[in-house]
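For reference, the structure discussed in these notes is given below.
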Amino acid sequence: MDRLLKTTILFRLPDAAPAQTLVGQNDPAIDVGAVQAAVDRSGSVLLLGTFDFGNDGRVLLQTDVAISGEADVSSRPITTIIGGDWPFFAPPSANMPPAHTGPVLSIESIHFRQPSGGAIQLVYTGGAYIRGNRLTHVGRRSFFRHTGVLIGPRDAFLTTTLGARLVTGSIVVIDNEVHLTNPDPTLTAGIGVFVHPIDGADMYVARNLITRCGRGCLDCSRSRVV
C-alpha cells in the first residue's frame, strides 16, 4: 500500500511542461492529430468533451505524459474517445533491448467507447498509472483475442519471449471498468487486463470491473512481475 501511495503521488506532481486543455471536436480528421500533438509536448493533458478516432485512429505515447479526462460527481468519466485501433499505444523501443527506460504515463477518467482490439496498450513504459477509465464495447481486432488494457509486447510484434526492460517501474491499474463484446469465448479470448510477456515490473492490479471476459479476466501469463 505504501508503494501504491508513492506511485499515486508521483503521477500528481507538477510537470515542467505547462498543463494543456484540449476540447474534442467529434471529428477524426481533427481529434487524432490534436491529441497526438498535445501528448508529444509532455506534461499534463486534460481532455474535455468527445473525441472521434474513426476506425483506426491511434495516439502514440512516447514521452512522459499525464492524460486525464473530466468525471462526474460519482467519478465516472465524462470525456469520451470513440473508436480507434488501440487508441492509446506506447510503441516498442527502436533498439532492443532498450538502452533507457520507457516513458512514464498516466491515463485517468476517460471513457473509451468501441475501440478495436483494445483501448490501451503499453509495450514500452517506465511506469504507468491507469485509473478510473471506462472501456465499453471493446471489439476484437482478430478472431483470437481482444482486451481492455494490455501491458507488454504481445500482439505488437510476434514474440513469446520475455520483453526484457520494455516494461519497468511501477504499473498500477485500478478502478477501471472493462466491458468486452466477446461473442464466443470458445473461439476468442476476452481479457480485461492482460500482462504479457514482461520481465520484472512492479504490478498492482485491483478493483477493476470486467464483464464478458473469456479465458481469464486477468492474465499475467509468461511474465515475471514483483
Side-chain angles (χ1 to χ4, degrees), residues 11 15 17-71 77-94 98 101-141 146-157 166-167 169 171-173 176-178 193-194:
F11 282 106
D15 298 280
Q20 306 168 71
T21 299
L22 193 62
V23 179
Q25 301 301 304
N26 200 17
D27 183 347
I30 299 173
D31 290 333
V32 178
V35 176
Q36 184 69 70
V39 302
D40 285 347
R41 288 190 287 269
S42 191
S44 299
V45 179
L46 174 62
L47 302 180
L48 302 176
T50 299
F51 298 77
D52 191 337
F53 275 28
N55 293 326
D56 56 3
R58 175 180 293 180
V59 166
L60 301 182
L61 308 178
Q62 297 177 287
T63 186
D64 295 355
V65 64
I67 307 169
S68 61
E70 185 180 18
I78 298 172
T79 298
T80 302
I81 293 177
I82 301 172
D85 180 14
W86 288 104
F88 279 0
F89 183 78
S93 169
T101 58
V104 177
L105 306 166
S106 175
I107 303 170
E108 297 187 68
S109 301
I110 296 175
H111 180 189
F112 296 90
R113 196 174 80 201
Q114 297 178 309
S116 176
I120 300 167
Q121 181 173 10
L122 307 183
V123 178
Y124 180 42
T125 179
Y129 184 68
I130 301 172
R131 184 194 68 86
N133 301 288
R134 190 164 183 251
L135 289 55
T136 60
H137 296 91
V138 179
R140 59 183 183 175
R141 174 200 275 175
H146 62 302
T147 186
V149 176
L150 174 51
I151 309 294
R154 185 66 178 182
D155 297 345
F157 46 80
L166 276 173
V167 178
I171 310 295
V172 178
V173 184
N176 302 282
E177 291 183 36
V178 181
V193 180
F194 192 24

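The basis for the numbers below is simple: all heavy atoms, side chains too, and nothing from hydrogens, waters or symmetry mates. Note that the numbering runs from 1 along the sequence shown for the chain.
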Return the minimal non-hydrogen interatomic distance between [X] and [Y], and the atom names on each side.
X    : Y    : value
P87  : P115 : CD-CB, 3.9 Å
P28  : G54  : CB-N, 3.7 Å
T80  : R113 : CG2-CB, 4.3 Å
L22  : A38  : CD2-CB, 4.3 Å
F194 : T147 : CB-OG1, 3.6 Å

Is there a side-chain contact between [X] and [Y], using heavy atoms and a 4.5 Å cut-off?
X    : Y    : result
L60  : D40  : no
D56  : S116 : no
F88  : V39  : no
Y124 : P153 : no
V123 : P91  : no
V149 : L135 : yes
L61  : I107 : yes

Is there a donor-acceptor pair under 3.5 Å between the side chain of [X] and the backbone N or O of [Y]?
X    : Y    : value
S109 : A71  : no
Q121 : A119 : no
D31  : D52  : yes

T125 meets the side chain to side chain contact (heavy atoms under 4.5 Å, CB included) criterion, sequence neighbours left out, with L105, L122, A128, V167, I171
Hits for side chain to side chain contact (heavy atoms under 4.5 Å, CB included) against E177, two or more places apart or cross-chain, chain-then-number order -> R76, R134, H179, L209
Measuring from atom [atom1] of [X] to atom [atom2] of [Y], what distance do you get when rounded to the nearest 0.5 angstrom?
X    : Y    : atom1 : atom2 : result
S106 : I67  : OG    : CD1   : 8.0 Å
Q36  : R41  : CD    : CZ    : 10.5 Å
E108 : R131 : CD    : CZ    : 4.5 Å
N55  : D85  : CG    : CG    : 9.5 Å
W86  : F53  : CH2   : CZ    : 14.5 Å
N176 : N133 : CG    : CG    : 5.0 Å

For T136, the side-chain hydrogen bond (donor to acceptor under 3.5 Å, both in side chains) test, sequence neighbours excluded, returns H111
Would you please test I120 and F112 for side-chain contact (heavy atoms from CB on, under 4.5 Å) and show each step? CA-CA 9 Å; I120 300 167; F112 296 90; 4.0 Å; yes
